[in-house]
Amino acid sequence: MNPTFKHFFKGDCTNITKPSPMETCIDHTCTINLNILKQCGFYQIFDPNSKKIFGWNVYRISFIALTVITQCLIGFGNCGFLFELEDTTDNIDLFLIIFSNSYFCLTEWKVVILIINRKKFLELLDVTDLIFLKSKQCRKNIKILCKHRIRALQLTNLYFKFCIFVIIEWIIFPIMINSFIAHKTENRRLENVVNRRYPVDVNTYNKYYILFYVFEIIIGVKTVYLVLMVDILLLSIGWAIVIQYEVLAEAFKNIGYNENLQKDHDHDVDDYKYFKSILFDQQQLDSKVKLYFPIVKPIVLMHVAINSVLFIMLSNSFLMVFLSTESFTYKIVNLFKIGTGILYICLQLFLYCHLFDNINLKRKSVNLGIYSCNWTKMDLKFKKLLLLTMQINDANYITIKASTKTIVNLPIFANVLMTSYNIVSVMVKTMSKYRKT
């Protein structure tokens, strides 16, 4: 184990040293889970030092090639809607196809934006460094960053395992249904991961089922892979920004309360110097946020919009399966399959809404930290600087808005849940009336 890394488990972060200029983004000095990103080959897509062939990034070329192949498979899987086939697609399968296609397009949209802004994102990784804030007062609170790092790694590992569980579940369930349910009619296709509408007849589809099953596994694994990597990258950078603001607020709050300095006649001069050094750190962090928000905004807005619709759609699919007249085994397996999909979308939407809600709150807490310092015992010059700093912080306050008045935060998540509940309630009442008639 690296000697520097041992300090995280002992709760001692005072001996952390800054890596050399050649060592950018070292695992043990970073609050982001670079280990997963590097092992899965996603970090190398953006790294200018990755392996190259004829000047082209090998990982980036591989990603583009795999994306083209996957897109062709999706296009082939949707061609069946252009032809009149002997069997029909029910609403549940149609919703699942729309869900899969939309989710794939969403992930591709995210990665394209990240690749376009890859240089800026490499710059943003600086904010995940444990010693990004240089002032002495911020360094005193580095234990906050160490605790956050451990918590962030645990959360990303849990999220990674949950996503792997979901995709494995979706891959296994078709085999379970095909094994336990005997198809009474020859006009029914074998169950697949998403049951795409391939432009072949039922007999041909069932005969070459393994091939179509592999197609859908490739699409599903590629989609979940991209979702995982992008989420780990974006969320980890956002969490790092949140905790850096927390460290700043704590550093501002402690100004003027150092007893050793208060015994000195020049403590006002020292506090003034300390305040300016923390203020310089805040300017550096604000510049990173101004770099982060414009890149993330199109990603987050599209993500929230599509996930909100998909959440409502899958909720309706869950209800349809629950009220269907299929066999008990078919209903249980599909309810569990769609239920985990709903849970996954719900978790992902919550994480993004909670992140930006938290960023907004932590940025506001900086002014509270400034106001909480011992400014009443300072001279007029310090008080004017403090007031000006708070005014500038209010003026530079930026948020990600879905509209002119709607901010991406937890209330949006609550609205999505409420809307879904209302729609499902109306459907239940409508179906109950239809059955009675």
message = Would you say the ring centers of Tyr103 and Phe99 fall short of 6.0 Å from each other?
response = yes

request  = Please identify each residue that fulfils ring pair (Phe, Tyr, Trp, His ring centres under 6.0 Å) with Phe121, with sequence neighbours left out.
outcome  = none

query = Mind checking what makes ring pair (Phe, Tyr, Trp, His ring centres under 6.0 Å) contact with Phe275, not counting sequence neighbours?
reply = Phe252, Phe382

task = Go through the structure and list residues passing ring pair (Phe, Tyr, Trp, His ring centres under 6.0 Å) with Phe160, not counting sequence neighbours.
result = none

inquiry  = Against the six-membered ring of Phe132, is Lys134 placed for a cation-pi contact (under 6.0 Å from the centre, within 45° of the normal)?
reply    = yes

Short N-O contact, Asp281 and Lys136, less than 4.0 angstrom = no

task = Could you tell me whether a side-chain N or O of Asp357 sits under 3.5 Å from a main-chain N or O of Cys353, the two making a donor and an acceptor?
result = no

message = Once ring pair (Phe, Tyr, Trp, His ring centres under 6.0 Å) is applied, what residue pairs with a partner in residues 68-89 remain, sequence neighbours excluded?
response = Phe76-Tyr198

ask   = Is it true that Glu108 and Lys222 make a salt bridge, defined as a side-chain N closer than 4.0 Å to a carboxylate O?
value = yes

message = Suppose the criterion is side chain to side chain donor-acceptor pair (under 3.5 Å): which pairs have a residue in residues 302-321, not counting sequence neighbours?
response = Lys110-His303, His303-Asn307, Asn307-Gln348, Ser315-Ser420

ask   = Hey, what's the ring geometry for Phe356 with Tyr352, parallel, tilted or perpendicular (30° and 60° as the breaks)?
value = parallel

task = Sequence neighbours left out, what passes ring pair (Phe, Tyr, Trp, His ring centres under 6.0 Å) with Tyr371? Give chain and number order.
result = Trp375

note = Smallest heavy-atom separation, Asn157 atom then Asn33 atom, equals OD1-ND2, 3.3 Å

